[in-house]
Enquirer: 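Sharing a structure with you now.
Side chains included, hydrogens not; waters and symmetry mates left out as well; all remaining heavy atoms used. Every chain is numbered from 1, with letters handed out A, B, ... down the list of sequences.
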Amino acid sequence: MNPFRWLWTYLRKHRFLLILAFFLVILFTILNLIPPYIAGVIVDRVIIGGEMEFFWRLIIAIVAATMVKSAARFLYRLTFERISQDVVYNVRMNIYQKLQELDFSFFDRTRTGDLMTRMSGDADAVRHFISWVAFSLVENIVIFLLSLAILFAINAQLALALLLWTPLIGFFALRLSVAVKPTFFAIREQLSRLNSVVQENISGNRVVKAFAREEHEITKFYRENDNYKQENLKAVQVWSKYLPLIDTASNGLTVVLLLVGGLMVMQERLTLGELVMFNNYLWTLSNPLRYLGWLINDLQRFVAGATKIINLLTEKPRIKNGENPRQKESLAGKVEFSDVSFTLEGHAILREISFTAHPGQTIALVGPTGAGKSTIVNLICRFYDCTTGEILIDGIPIKELDLAFLRANIAGAMQDIFLFSDTIEGNIAFGVPEASFDEVQQAARIAGAHEFITRMPEGYDTIVGERGVGLSGGQRQRIALARALIKDPAILILDDTTSSVDLETEHAIQKNLRSFYKQKTIFIIAHRISAVRNADLILVLKDGRIIEVGKHEELIAKNGYYSTVFKNQYGDFDAELMKEAK
Amino acid sequence: MARNKYDVDEELDIEFNFDQVRRLLKYIKPYKKRLFLTVIVMLVASFTAFTGPYLIKIALDEAIPKRDLSQLILLTLLYIGTLLINALGLRYRLSSTAEMGQSIIQNLRRDLFTHLQRLPFAFYDSRPHGKILVRVVNYINTLSDLLSNGLINLITDLFTLMIIAFFMLLLDLRLALISLAGLPVLFAALFLLKNIQRRLWQKVSRKQSNMNAYVHESINGMKVTQSFAREKENFATFATINQSYRQAWMKAIISLILVNPIAENLSVLVIAAVYLAGVAWLNQGISVGVLIAFLSYISSFWLPIFNLTNFYNSLINAAAYIERIFETMDEKPSVADAPDAKLMPPIRGQIEFVDVCFAYEEGQEVLHNVSFQVNPGETIALVGPTGAGKTTIVNLISRFYDVTSGKVLIDGIDLREVTLQSLRSQMGVMLQDTFIFSGTIIDNIRYSRLDASDEEVIAAARAVCAHDFIVNMEKGYYTEVNERGSRLSVGERQLISFARALLADPRILILDEATSSIDTETELLVQQGLAKLLVNRTSFIIAHRLSTIKNADRIMYIDDGGIVEAGTHETLMNKKGAYYRLYMSQYQFLRAI
């Protein structure tokens with residue numbers, strides 16, 4: 001999409017205000033020409049000519065013109081600022097909205113720093129364009145046209161001669177425009193990269209310190225920091241080549257004036273007085289042209305930033321509602337996988353998975369690291385779409401369900417726990433912001449978190465750092481669990497949620513879940529047998545396939561993977577207990 | 001810990017002051033020669049620019065009326081000469097100011113970033129990361145123009161102003177005094193506005209910081225937001241934040257664009273006064289020629305003043321960012337090398353805690369009077385309920401925090417006496433919170449020892465059973481992973497950071513829940529591989545899975561900030577204390593569920 005057409009979609013609603021503002025710009029531009037003119041009149045007629053009767057009126061006119069023009073300028077600058085802020089506000093809202101629509105696979109391949117740049121630096125280029133470049137452009141065009149009109153009125157031939165000179169300036173301006181464009185794109189890109197390096201360094205500060213890698217990080221940063229400078233200087237190289245050319249070519253108008261005008265006077269096709277007048281007004285013609293180069297720079301800067309934003313805004317989420325998304329009163333929680341396969345970047349993650357989970361059942365997923373356990377729950381939440389096969393929830397194909405409805409009825413405590421820098425209460429109530437404090441406490445109790453929270457000096461009002469820094473792994477897991485529980489979902493997913501919790505607490509949580517959530521479908525991913533033993537159905541995954549299915553006893557009897565895991569974890573107990581018994 | 005969050009404005013410790021201006025000037029100092037040269041070039045260029053109109057005047061007054069074509073051509077050539085000088089001057093100025101401005105912000109950003117590397121965990125834990133990021137990237141970027149173009153203009157404008165003022169004084173004292181009388185009024189107005197502007201811009205910087213924090217967190221937490229279908233609420237929150245930024249901006253910008261009309265109207269009043277006085281005093285000590293000359297000066301007198309006013313305005317604006325940048329640079333690292341810190345000699349691995357007390361925050365002790373001793377090569381397992389202080393103990397060994405009282409010794413040397421670099425480079429720590437950098441897998445593992453060969457990296461990966469899944473990825477070790485490794489499962493991430501910790505060939509290895517998300521079979525294999533590697537290394541293992549820790553040389557049961565009991569698995573089992581209960585409970589739970 002063309003950046004200007006795109007911008008117009010935001011500016012449209014302000015079009016009347018814009019017209020008014022541009023009118024003020026024109027008013028200002030005209031008024032701007034008056035004080036120098038009056039000053040000339042005062043010198044000629046009052047000071048030299050001694051015509052005192054005009055004097056007071058001229059003084060008042062000069063003051064009045066300045067006051068009106070400064071008021072006009074203040075008003076239109078204010079208007080452009082207001083409009084630009086409104087546009088940028090909406091651009092930001094749209095970016096934010098878009099980010100919320102985009103699916104996991106987008107975030108898997110996009111750096112946070114890049115997205116941050118869209119919101120800050122790139123949005124600012126748009127702001128600058130409206131609040132400064134747009135009216136400067138009009139200002140200069142108006143001055144240029146106005147002065148052209150005046151010059152033509154004085155002498156058309158000479159004015160034409162000057163006008164014939166301007167294509168040269170236009171040529172340089174065009175060259176600048178073409179040459180500078182890629183440099184601005186490169187600057188934007190490098191800013192993104194710089195942003196990403198710093199962002200990662202801040203997020204990963206613990207690892208940096210743990211390995212005493214500060215020097216390495218600094219070197220890495222220096223490289224990007226220096227590249228950023230170099231990219232900026234490349235742009236400067238381009239414009240330090242063309243801006244003087246444009247400047248000189250604009251001043252070259254004077255040369256044309258002297259030679260052509262001089263000859264015309266010599267040939268008596270022009271009076272000397274007319275030539276002097278031409279000379280007095282020439283700056284109004286050359287100044288806008290001199291300014292052209294700068295405006296082109298700003299224009300291209302806008303184009304680079306806007307293009308980046310447009311690219312983001314036109315990014316299509318692969319996961320979205322179908323034509324007629326279906327909703328129900330409520331979801332019972334039956335989950336069916338039939339022949340589901342999932343391939344990511346050419347790699348088969350899941351192959352031909354089939355199972356059915358009924359409301360009230362607990363389904364456990366076990367298996368080695370990377371077997372595809374988390375992928376199954378990601379597919380249930382429709383964070384990704386399966387490649388082949390079908391997933392049905394309450395008998396409805398998942399792709400036909402309304403996405404918001406689906407996710408409102410599923411809650412999970414995911415493996416990779418993210419807490420927000422908010423109070424513990426705010427974090428637990430994340431999915432249900434209107435939840436009462438009692439409900440928050442209740443959820444925390446079930447999740448086995450209430451006790452440690454109340455032991456903190458500020459209790460539920462304790463602010464946790466981004467990602468939950470300051471809390472231990474087990475504490476984070478329990479808060480994430482409470483956050484899932486408070487949603488009271490039909491389907492509850494616990495992805496490795498109690499791995500860092502001590503056994504006693506884990507046991508208590510298990511007991512609570514059992515008594516509170518009789519009618520829910522619960523998916524549990526865990527490595528500890530203690531966490532999955534009582535599931536109604538245990539799926540053992542390996543390399544993306546289900547290799548064993550059944551209840552605990554059945555699987556033990558099978559003497560397969562599951563029973564090996566069981567022996568690894570519990571086999572010693574029996575020996576131990578035998579010793580005890582002796 | 002007093003933590004800041006996205007919707008809480010940050011407090012400001014030190015306001016912008018003269019001292020900060022001086023510090024800023026320090027950044028300009030290395031470029032003073034270039035600055036000086038640029039100013040000279042600009043003065044020369046503007047001098048030649050002055051001669052341009054003079055040449056035109058001669059042409060109009062002499063050459064053309066006299067129809068002297070050769071003189072006209074000569075004058076034109078001379079004029080072209082001034083244009084060329086002007087063009088060269090402009091070219092030099094453009095590239096040199098850009099070079100200067102970019103170098104200055106490069107250095108400023110470098111110093112800020114370098115300082116950030118010295119700041120301890122506590123700094124990063126106490127505020128949203130987006131608020132740190134905005135300082136390093138966005139705030140500093142706003143300064144580039146001010147510190148290059150702004151500065152050069154400042155100097156040349158001051159020059160021009162002085163020269164013009166000098167000529168005005170020379171021409172006529174009375175008229176000059178009238179002209180100058182406008183300045184105190186302008187200064188007074190600017191000064192009055194300043195305090196308002198400062199508050200307004202500070203607010204803008206805070207709101208910008210808040211917005212950045214929220215956006216940063218929103219992006220990182222987007223998966224959670226989507227899975228909780230909380231988009232609407234977040235959108236509303238963002239609207240509020242976005243709106244308050246816009247409001248703050250509008251208020252500040254009004255105070256900024258208000259300055260121009262003030263200065264302009266003041267100037268026209270002064271100019272009018274000069275006209276009136278000049279005409280009134282005409283032939284009373286002021287000749288027509290003097291008056292005309294004076295009037296031509298007065299319009300060029302106000303131009304640099306407008307420019308200076310604008311510079312001052314940008315400075316007031318920038319102050320809101322400068323004070324934040326320096327505030328961060330002044331942040332004292334709470335854990336830092338002592339002035340006379342020595343290098344930690346090669347570690348043998350003897351560790352001793354002597355009466356260690358520790359509190360993250362005053363008055364809330366996490367560890368009290370912990371004392372223990374570990375022999376070189378020993379494997380110590382720490383067990384106990386969450387929040388008991390296990391992680392705190394291992395954090396003290398790496399000196400991520402300093403003890404509140406007591407001391408931690410490695411090989412008999414107090415940790416506070418050695419440099420952090422020499423200490424930490426001999427340790428391999430695998431944190432509870434794994435972090436994967438964007439880049440290839442091999443680079444991620446190599447992070448702990450940058451000069452490790454590919455073979456060594458692969459050996460480390462094999463030892464932790466990560467090799468198989470890595471070679472199965474499309475480009476094996478050279479597969480690009482994203483920041484935080486979003487493509488990898490948590491277990492895979494743990495294995496990679498595990499390999500990273502091993503590759504460091506550390507004298508002391510610390511595994512803080514290193515294997516919580518790894519399946520038991522893999523874990524068993526990892527342990528077998530590890531057993532060979534752990535010979536002669538002191539290691540600490542924190543885990544909840546008892547199978548992980550049973551084989552440790554010594555198990556310490558931590559609860560309520562102290563060691564409740566310690567010993568081998570057998571001794572502790574025989575003791576029938578806390579560990580025994582913990583161990584037996586695992587079995588009971590299995591039965592009970």
Enquirer: Quick one: pull up OG in B:S448 and NE2 in A:H216 and give me the separation to the nearest 0.5 Å.
Expert: 10.5 Å
Enquirer: Measuring heavy-atom distances to chain A, does B:S95 have an atom under 4.5 Å in its side chain, in its backbone, in both, or in neither?
Expert: both
Enquirer: Using heavy-atom distances under 4.5 Å, tell me whether B:L119 contacts chain A through its side chain, its backbone, both, or neither.
Expert: backbone
Enquirer: With a 4.0 Å cut-off on N to O distance, would you call A:D226 and B:R110 a salt bridge?
Expert: no
Enquirer: So which part of B:V490 gets closer than 4.5 Å to some heavy atom of chain A, the side chain, the backbone, both or neither?
Expert: both
Enquirer: Could you check whether B:H129 and A:Q199, counting side-chain N and O atoms only, form a donor-acceptor pair closer than 3.5 Å?
Expert: no
Enquirer: Among A:W239, A:F104, A:F74, A:F430, which residue has the highest count of heavy-atom pairs closer than 4.5 Å to chain B?
Expert: A:F430
Enquirer: So how far is it from B:L116 CG to A:E214 CD, rounded to the nearest 0.5 Å?
Expert: 11.5 Å
Enquirer: If you draw the axis of the six-membered ring of A:F383, does the NZ or CZ of B:K223 fall within 45° of it and under 6.0 Å from the ring centre?
Expert: no
Enquirer: Using non-hydrogen atoms and a 4.5 Å limit, figure out which bit of B:L282 sits close to chain A: side chain, backbone, both or neither.
Expert: side chain
Enquirer: Can you tell which part of B:D512 gets under 4.5 Å to a heavy atom of chain A, answering side chain, backbone, both or neither?
Expert: neither
Enquirer: Using a cut-off of under 4.5 Å for heavy-atom pairs, which of A:F211, A:Y96, A:F418 has the most such pairs with chain B?
Expert: A:Y96
Enquirer: Would you mind checking which part of B:Q243 comes under 4.5 Å of any heavy atom in chain A, side chain (CB onward), backbone (N, CA, C, O), both or neither?
Expert: both
Enquirer: Tell me whether A:R206 forms a cation-pi arrangement with B:F121, defined as NZ or CZ under 6.0 Å from the six-membered ring centre and within 45 degrees of its axis.
Expert: yes
Enquirer: Just checking, is any N or O donor in the side chain of A:S500 or B:E513 under 3.5 Å from an acceptor N or O on the other one?
Expert: yes
Enquirer: I need the residue from B:F113, B:Y79, B:Y245 with the largest number of non-hydrogen atom pairs under 4.5 Å to chain A.
Expert: B:F113
Enquirer: Heavy-atom cut-off 4.5 Å, strictly under: side chain, backbone, both or neither for B:A272 against chain A?
Expert: both
Enquirer: Output the distance between atom OG (A:S131) and atom CD1 (B:I257), rounded to the nearest 0.5 Å.
Expert: 9.5 Å
Enquirer: Chain B heavy atoms under 4.5 Å from A:L78: which part of the residue, side chain, backbone, both or neither?
Expert: both
Enquirer: Side chain, backbone, both or neither: which part of A:L233 has an atom under 4.5 Å from a heavy atom of chain B?
Expert: side chain
Enquirer: For B:M430, is it the side chain, the backbone, both or neither that has a heavy atom under 4.5 Å from a heavy atom of chain A?
Expert: neither
Enquirer: Output yes when a side-chain donor or acceptor of A:Q100 lies under 3.5 Å from a complementary backbone atom of B:M222, and no otherwise.
Expert: no
Enquirer: Would you name the heavy atoms of A:R483 and B:F228 that are closest together and state the gap between them?
Expert: O-CE2, 3.3 Å
Enquirer: May I ask you to check whether B:Q117 and A:N201 show a side-chain donor-acceptor distance below 3.5 Å?
Expert: yes
Enquirer: Heavy-atom distance under 4.5 Å to chain A: side chain of B:F400, backbone, both or neither?
Expert: side chain
Enquirer: Name the option with the most non-hydrogen atom pairs under 4.5 Å to chain B; the candidates are A:R77, A:M116, A:E101.
Expert: A:M116
Enquirer: Using heavy-atom distances under 4.5 Å, tell me whether B:V215 contacts chain A through its side chain, its backbone, both, or neither.
Expert: both
Enquirer: State the OH-CG distance between B:Y275 and A:L58, to the nearest 0.5 angstrom.
Expert: 9.5 Å
Enquirer: Where the side chain of A:N251 meets the backbone of B:L83, is there a donor-acceptor pair that is under 3.5 Å apart?
Expert: no
Enquirer: Taking it one step at a time, do B:Y447 and A:E217 satisfy side-chain hydrogen bond (donor to acceptor under 3.5 Å, both in side chains)?
Expert: CA-CA 10 Å; B:Y447 193 81; A:E217 288 293 308; 2.5 Å; yes
Enquirer: Under a 4.5 Å heavy-atom cut-off, does chain A meet the side chain of B:T391, its backbone, both or neither?
Expert: neither
Enquirer: Which atoms of A:L272 are under 4.5 Å from chain B, going by heavy atoms: the side chain, the backbone, both sets, or neither?
Expert: side chain
Enquirer: Got a second to check how far B:Y124's OH is from A:S203's OG, nearest 0.5 Å?
Expert: 10.5 Å
Enquirer: Between B:E264 and A:R73, is there a side-chain N and carboxylate O pair less than 4.0 Å apart?
Expert: no
Enquirer: What part of B:I292 gets within 4.5 angstrom of chain A, counting heavy atoms only: side chain, backbone, both, or neither?
Expert: side chain
Enquirer: Between A:S421 and B:E217, is there a side-chain donor-acceptor contact under 3.5 Å, judged purely by atom types and distance?
Expert: yes
Enquirer: Report which part of B:L60 has an atom under 4.5 Å of a heavy atom belonging to chain A: side chain, backbone, both, or neither.
Expert: both
Enquirer: Between B:N242 and chain A, which part of the residue has a heavy atom less than 4.5 Å away: side chain, backbone, both or neither?
Expert: both
